[in-house]
Structures are given as C-alpha cells and as structure tokens.
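These notes concern the structure reproduced below.
Keep in mind the model is a prediction, meaning the values are calculated, not measured. Ligands are counted one by one from 1 in listed order, and the atoms in each one are counted from 1 as well.
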Amino acid sequence: MEKKNIRIFDTTLRDGEQSPGCSMNLSEKVSMARQLEKLGVDIIEAGFPIASEGDFEAVKAVSDECRNVTVAALCRTVDGDIDRAAEALRKAANPRIHTFLATSDIHLEYKLKKTREEVLEMAYRGVSRARDAASEVEFSAEDATRSDVDFLCEVLSAAADAGATILNIPDTVGYTLPEEYRALIKTVKEKVVGDRDIAISVHCHNDLGLAVANSLAAIDGGATQVECTVNGIGERAGNASLEEFVMACTVRADRLPVGHNIDTTQLYPTSRLLSSIISFDVQPNKAIVGRNAFAHEAGIHQHGVLSNPLCYEIMTPESVGVSKNSIVLGKHSGRHALLARYEELGYHFEAEEAAAIYTRFVALADKKKSIYDQDLIAIVPEQVRLQAAA
Ligand code: KIV
Ligand code: ZN
C-alpha cells in the first residue's frame, strides 16, 4: 500500500479553547503552543482574531514564538475578519489564513440569511482577499456534511479557483457516519480537486462519538490533513482527539498506511499540560491518556501482562510518554520517591520548593488513598508548571 503523510492540524487553542471550561490566558496559550510544536504538529490554529482582543494577541504571540510550524488564524469570509487575521499573522514564519463559510441550507436560511448565489460569491471574494494577504489559504465549508453535495462542490470549486490550496470538509455537528464521510471525501477529490495540487482536510466533531472513526475513514477517501484537539476538547462533545487519531494510525499501520510527524512520546505530557491549564481532566478510561489506559485491575489480566504485556496491551505506555514506573505513591512514600516521580513527569524542584511540594503531597495523601500523576501535577504551583512547559 502507498504510504501518504498526514498533516496534523491542531485546533486546541481555537475550537478547543472556545468550549466551556477550556479558556486559557495568553501565557497558557503560548506554553501550550510550545508543547504542540515539541509534539510535532504541522499546523497550530492559534485563534479567531476578530472574535476578541485575547484571540488576536494569542495568534500574534504564537506567531512570534513558534517558528517551525504553520500558524493558522480563523476568520469568516468578510473583509474585516480577513484583515484582522492577516494582521495577527504578520510576523508568522509560516502563516495560514483559515476562512470559513457555511454551505448547508439550514445555515444559509437561518444563520446567514443568504441565497446560494450570494454564498458562492462570498466564498470566491473572501478567499481572493485572503490570498492577497497570505501565501497559504484554507477554506472550510461549515456544516459540509449536511450540505447538498452538488452545491458543496460548487462552493469548494469557487474557493479553489480563488486560490485556496487546502479545502476543509467539516462535520460541524458530528452527524456523519464513517462510510458516508469516506464517500463524501472521495466525491470532493474527484469532482473538485482532480489533478490540482490541493489538499483535502477533515474536521470532525464528536456528537455521536465518531469523530476519530470518521477522520480515519476520511483518510481512506483521500484526505491528507486531519484537524483535531488534545484530549478531544472542543465545542459540545468535542473534536477528534489528536492522541487517539495518531495512535490509531501508529498502532494499526498495517491497515492505515499513513505517516505523521508526531513524537508519540510527547502525547501524555501534552495531555497533562492541557489538563493542568483548563478546569477539567480527561475521564479515567479515556483512550491513550486516561489514568486507567494502562492499568490492569483483574487478576487474570495482571497475570497476563506480567508474563507478557502484549497479552493485554496493544501499545506500550512508554510509546505515548506514560512512565512504566509502578511505584505507588501514598502517605507512606518518602520525599525521594516523590521527587523522582516529579523528575519523570518533567518537573525539577530546588530545595525550598521541594520541601513545600512535599508538605502539600503529605496533606493530600492524608485525604486521598491513591495519588495519580494528575494529582501530583495539580499541586505544582502554576508558575512552575508553565516553566516546565517552556
Ligand atoms: O466545526 C466547524 O465547522 C469549524 C469550522 C470553523 C472549521 O470549527
Ligand atoms: Zn469545529
């Protein structure tokens, strides 16, 4: 099978950040962006500059800071939005304007109050203006999966004619099914892309719990860019989870012959950093990064894993950056074991800080039977956490 390289477009700082409980301040966004760069994502969508001053500043700061990735800024296809996105990206080493417009009849009638002809015209004009301001333009047909396919293809063709080189087909409301989505991507590839040098991107929401499955199906249909978020955060039920998508491609390389630039050992540290910044954690049974993802409780499983981890593990904890260390930290643990665990998690404390963190640990261990990595990270002062991510 021919091996294609998939580009990972991370939208944790935009689609992820705009969901309840996930807001981040400027320094937190910059720390997260640095970690995303270290993780190896290809594109960081840093914000929606017209939406707020904070988003504008975040796109500017990430553009200054992250020189080895593409930095994307979101905008509608209206002049003010596009100009603001271009301004925020002015200093980016590799800028991308990401402009979007809805194509489904329901959005045209109730949200945009525009006819199909008007939308076609807006797509063409918006992308042309964005192309004048940036060398790389991505166009997204919002609510693509509930759009009339012929009209969707017409709008995407107009965007491509105006200079968009990445066409995104979002499943905005998490409605599609894998086989249906694969077929839609194939249709767009045949009818719109043809032999033009244009990439197809996919962006799936998780309302039916299918965001990763749909993204994988889309790869089979011809998509070469996947939009996702760390821990799957995002509007409503979230976006496709970056770590799940990447590990599905990695573990099942036999059936999914795609390459990526992600350093998988950075998946867990990235997930932890995000959880420590926003106000909620992943569920314990979350694939790849949940605290139970590599825990074996049943005796029969424990026995099998001890004989050979492959009995019940399809990937090693180390391959995603989870330490295999089996020392259980509790109220009887000493300072030494605690600080060693912190070193493994990427935190180093000077003597005074170490004493303070140990006191906090003992207080916590008095209240809580099992202390997980998440608990340890939660008691690290915010300043130290941000430094560790720097
Ligand atoms: O879900 C969606 O359609 C989006 C677009 C702006 C890409 O987030
Ligand atoms: Zn979205």
Suppose we only count N/O/S atoms under 2.8 Å; would E227 qualify as near the Zn ion (ligand 2)?
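Of the N, O and S atoms in E227, none lies under 2.8 Å from the Zn ion (ligand 2), which means no.
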So, do [X] and [Y] sit near enough that their side-chain heavy atoms are less than 4.5 Å apart?
X	Y	value
E136	N94	no
S201	L167	no
C153	V192	yes

Which of the numbered atoms in ligand 1 are below 4.0 angstrom from a heavy atom of [X]?
X	answer
E142	3 (O)
S140	7 (C)
D15	8 (O)

Closest protein heavy atom (residue, atom, distance) for atom 4 (C) of ligand 1
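The closest one turns out to be H203 NE2, 3.5 Å.
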Can you tell me the protein heavy atom closest to atom 3 (O) of ligand 1 and the distance?
T172 OG1, 2.6 Å
Would you check, one step at a time, whether the test ring pair (Phe, Tyr, Trp, His ring centres under 6.0 Å) holds for H98 with F9?
CA-CA 11 Å; H98 176 194; F9 176 115; 5.8 Å; yes
Any donor-acceptor pair under 3.5 Å from T99 side chain to R76 backbone
yes
Within the distance-only criterion (no hydrogens, no angle test), does the side chain of T176 pair as donor or acceptor with the backbone N or O of T145 below 3.5 angstrom?
no
Quick one: does ligand 1 sit under 4.0 Å from the side chain of E227, the backbone, both or neither, non-hydrogen atoms only?
neither
Could you say whether the N/O atoms of [X] and ligand 1 ever approach to under 3.5 Å?
X	value
N168	no
R14	yes
H205	yes

Angle in degrees, rounded to 10°, that NE2 of H205 and OD2 of D15 form at the Zn ion (ligand 2)
100°
Under 4.0 Å between a Lys/Arg side-chain N and an Asp/Glu carboxylate O for D148 and R116?
yes
Distance under 6.0 Å and angle within 45° of ring axis: R84 vs F56
yes
